[in-house]
Every structure is written in C-alpha cells, then in structure tokens.
J.: 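Could you have a look at this structure, given as structure tokens, before my questions?
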Amino acid sequence: MNAPHRLAVLVDSCLLPSVGCPGGPLPEWILRGLERGTPGVAVPAEGAAARRTADALRTAAPDALAAHPGPPSAPDGSAPNGSAAAAELVSAGANLHLGVRPGPAADATRAFVADLQTHGVAAALGPFTGVGSLEPFAEGAAAGVRAITVGHTAPGRDGLPAALSRSAVGGTLRGELGYGGVVMSDALDAPAIVEEWGVPGAAVLAWIAGVDLVRLGPGSGPGVRDAIHAAAARAVADGDLPVGRLEEAAERVARLRRWASEPRMPAGAGGSGARREGQVRREAGASRTSGASLPSQTGDAPGTPHEPATRDV
C-alpha cells in the first residue's frame, strides 16, 4: 500500500459520518468510505427509519458501528436503565449508544455503562469537557466504558473546546483518569467550531489532541470529507500530525468495532428484532470487512487500563 493510499485509509478509519436523511439508501460517498475503512455511521433517527438505515449499513458492512443517540429521557428527566436502553437500541439496529450522560448519583454511571455493555451495546459517555466533576468519567472508565465523547462547547483549561484540547484529552482524560479506550468527538459542525476552525481544521486539531474517532454531523457531506482528507495530508506533510497518531487512533476504533460486532442477546429483548440482530452479528463475526481496509490489527487490547485483556464487558 503506497503512502497516500495508506493515509487515506487511516483518515477514513477515524471518521464517523452521520446519515442526513435516515430511512433511505446510504449515500454513495458513505458507501465508498465503508469500502475504504470508515467504521460505521451515526443515525439521528428513531423507530423504523433507524432500523432501515441500520439494515442498509449492515448489508454494506456487516461489522459496522451503527451509532444512535439512544432512547429519550422520561418527562421527569430520568433515563431507562442499561438493560432497557440496550433492548431498545438493538431493536433499532444500533450497537453504539452516543447519548450516555454522566449519572447524577454516585455509582449511577458505572451501573448504567456496565448494564448496557453487558447486553451488547457499546457506551459513549459524555460530553467530557476536562473541567468540573470527573467522578462520573472515572466510574465509566472503571466499568470499561468503550468510548468517551469529548465536547465542543465548554472551553477547557487552555481555552480550547475539549475536543481540540491536548490538555483535556491527553492530560486529564488519558493522563489523570488513565483512560485507554476510544475518545470520540461530538459532531464538529457546531457553529462555534465551523466559524473558528472549519470542520476540516477542527478534525485535524482533534486528532492532534488525541481524539481517535471524529464525528461528522448530518450537514457534513462528501465535500467536507474530501476537505478533511486534504487537511490531514497537509498536516502530515508539515509534521503537525504524525502518521503514528492516526495509526493509534485507527487501532482503537478497530477494537471498538470488533467488540461491537460480537453476538450478544440483550435482556428482555426476546422478540424477532433481537433474534435478527443476533444473527446479523453472528454473520458479521464470520465475514468481517474491517481487517482488509484498516492498518495491521494484532488482537484485541483492552478497552481501558482497568479492563483485563481477556474480558468482554
């Protein structure tokens, strides 16, 4: 694999696009990305539309990440427990919960993350800002949370949004909390991000800061994706973005993708939708597509330093 193509594969392996019009066929640019290593898509929809998009995604890439914001909170602000959330997400075809919020009570975050992931849905806990209480994120890390989302609104200690801040990601999240799993950004199409850095510039800064998986909003289409590739190539050529940083990020994302494709049956979801999802994941285990497109993968290292290498949460 020549250097430009390898770099393109690495960049695609570290992007999570969103489907702008869920329920229909996947856009051609997303399908091309999946062929080159894009790990999955975010689906900002519920019900039948989300399921149709997830089915189209699994047809294109059986082991892909189908990321979903998760079930809405109740009128009193409470969220479903982990088992109930997992059952609802799997019925929608999802295997990554993007909307896991820090729990208000002690041990609430750990319990929700552990319960959700026991039933086969990876948790993305956030938004992490690098300031305020770190206890819920320490709980999540101790529970083996598969991903932590860094925010793009609140400035960190260095004045940058956490998603672009080495201090927040490398210093606090990786260093102080010892977190070793996937760090993903919030969608980078927020007005404050676009006006200051643009999506391509912000994506490069996020990777430099230590983010592994850059999430694109539904308004970011093929032109934005191509601009990100061009910005990453310039940053690599200028020495600002080491290729090794992208390789590290791609390997973490690949581990998350492998974990999420394992067949599991959520509690309380014994209907046909859950059985169908279990079958899809079993088929994915037999015909995974990520290995052909991603950089060398030499086994599943633990998602966090709190998690033994042989453990599946």
Side-chain angles (χ1 to χ4, degrees), residues 14-18 42-44 65 67-73 77-79 82 85 89 94 96-105 108-110 112-113 116-117 121-143 145-177 179-197 199 202-203 205-220 249 252-253 256 303-304:
C14 300
L15 290 175
L16 186 71
S18 297
V43 183
L65 294 172
H68 194 286
S73 299
S78 63
L89 285 162
L96 175 60
H97 187 342
L98 293 174
V100 180
R101 298 292 179 251
T109 302
R110 182 208 61 77
F112 186 92
V113 166
L116 183 80
Q117 294 189 161
V121 178
L125 173 66
F128 178 84
T129 63
V131 296
S133 175
L134 301 180
E135 184 58 33
F137 296 96
E139 287 182 18
V145 68
R146 292 287 161 174
I148 289 180
T149 301
V150 284
H152 53 47
T153 53
R157 294 169 183 169
D158 54 7
L160 293 171
L164 313 183
S165 170
R166 286 182 176 179
S167 172
V169 179
T172 305
L173 187 53
R174 298 288 191 203
E176 187 175 340
L177 295 183
Y179 180 64
V182 169
V183 175
M184 64 185 300
S185 74
D186 256 340
L188 291 183
D189 58 353
I193 295 290
V194 173
E195 291 170 9
E196 185 71 22
W197 296 279
V199 175
L205 289 175
W207 285 320
I208 292 172
V211 169
D212 302 309
L213 186 58
V214 167
R215 184 179 165 197
L216 304 179
S220 295
R252 285 200 185 103
V253 174
L256 171 63
T304 75

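Values reported hereafter were calculated over all heavy atoms of this structure, with side chains retained and with hydrogens, waters and symmetry mates removed.
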J.: Within a strict 4.5 Å, meaning less than it, do heavy atoms of the R252 and V183 side chains meet?
T.: no
J.: At what distance, to the nearest 0.5 angstrom, does CG of L188 lie from CG of L164?
T.: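 Output value for this atom pair is 7.0 Å.
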J.: Could you measure the distance from the CG atom of L256 to the CG atom of D212? Nearest 0.5 Å is fine.
T.: 9.5 Å
J.: Would you check if F128 and T172 make a side-chain contact, meaning some heavy-atom pair closer than 4.5 Å?
T.: yes
J.: Rounded to the nearest 0.5 Å, how far does CG of L125 lie from CD of E139?
T.: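 Result: 9.5 Å between the selected atoms.
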J.: How close do V121 and A94 get, heavy atom to heavy atom, and via which atoms?
T.: CG2-O, 4.3 Å
J.: Nearest 0.5 Å, please: how far is CZ in R166 from CG in L160?
T.: 10.5 Å
J.: Between the main-chain N or O of G140 and the side-chain N or O of Y179, is there a donor-acceptor pair closer than 3.5 Å?
T.: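 No: the side chain of Y179 does not pair with the backbone of G140.
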J.: Between R146 and L96, does a side chain to side chain contact (heavy atoms under 4.5 Å, CB included) hold up when you go through it step by step?
T.: CA-CA 9 Å; R146 292 287 161 174; L96 175 60; 5.9 Å; no
J.: Would you mind reporting whether V253 and M184 have side-chain heavy atoms less than 4.5 Å apart?
T.: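 No, too far: nothing below the 4.5 Å cut-off.
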J.: May I ask you to test the R101-P127 pair for a side-chain heavy-atom distance under 4.5 Å?
T.: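 In short, these two side chains touch, coming nearer than 4.5 Å.
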J.: Rounded to the nearest 0.5 Å, what separation is found between the NE2 atom of H152 and the CH2 atom of W197?
T.: 11.5 Å
J.: Decide yes or no on side chain to side chain contact (heavy atoms under 4.5 Å, CB included) for R215 and T149, but give the supporting numbers first.
T.: CA-CA 10 Å; R215 184 179 165 197; T149 301; 5.8 Å; no
J.: Can you tell me how far apart CZ (F137) and OG1 (T129) are? Round to the nearest 0.5 Å.
T.: 7.0 Å
J.: Only pairs at least two apart or in different chains count here, so list each salt bridge (Lys or Arg N to Asp or Glu O under 4.0 Å) that has a residue in residues 129-138.
T.: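 Listed by first then second residue: nothing to list.
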J.: Using the side chain to side chain contact (heavy atoms under 4.5 Å, CB included) rule, take V194 and V199 through it: C-alpha gap first, then chi angles, then the decisive distance, then the call.
T.: CA-CA 6 Å; V194 173; V199 175; 4.0 Å; yes
J.: If I compare all heavy atoms of L89 with all of P71, which pair ends up nearest, and what's the gap?
T.: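 In terms of heavy atoms, the two residues are closest at CG-CD, 4.1 Å.
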J.: Do you know the tightest heavy-atom contact between P218 and S18?
T.: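 It is N-CB, 3.6 Å.
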J.: Please report the closest heavy-atom contact between A138 and L177, naming both atoms and the distance.
T.: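 That closest heavy-atom pairing would be CB-CD2, 4.1 Å.
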J.: On a heavy-atom basis, which atom in I193 and which in P161 lie closest, and how many Å separate them?
T.: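 Heavy atoms only, the tightest pair is CD1-CG, 4.1 Å.
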J.: State, with a plain yes or no, whether a side-chain heavy atom of L16 is found less than 4.5 Å away from one of S185.
T.: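 No, too far: nothing below the 4.5 Å cut-off.
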J.: Please give me the minimum heavy-atom distance between A168 and G130, naming the atom from each residue.
T.: CB-CA, 4.3 Å
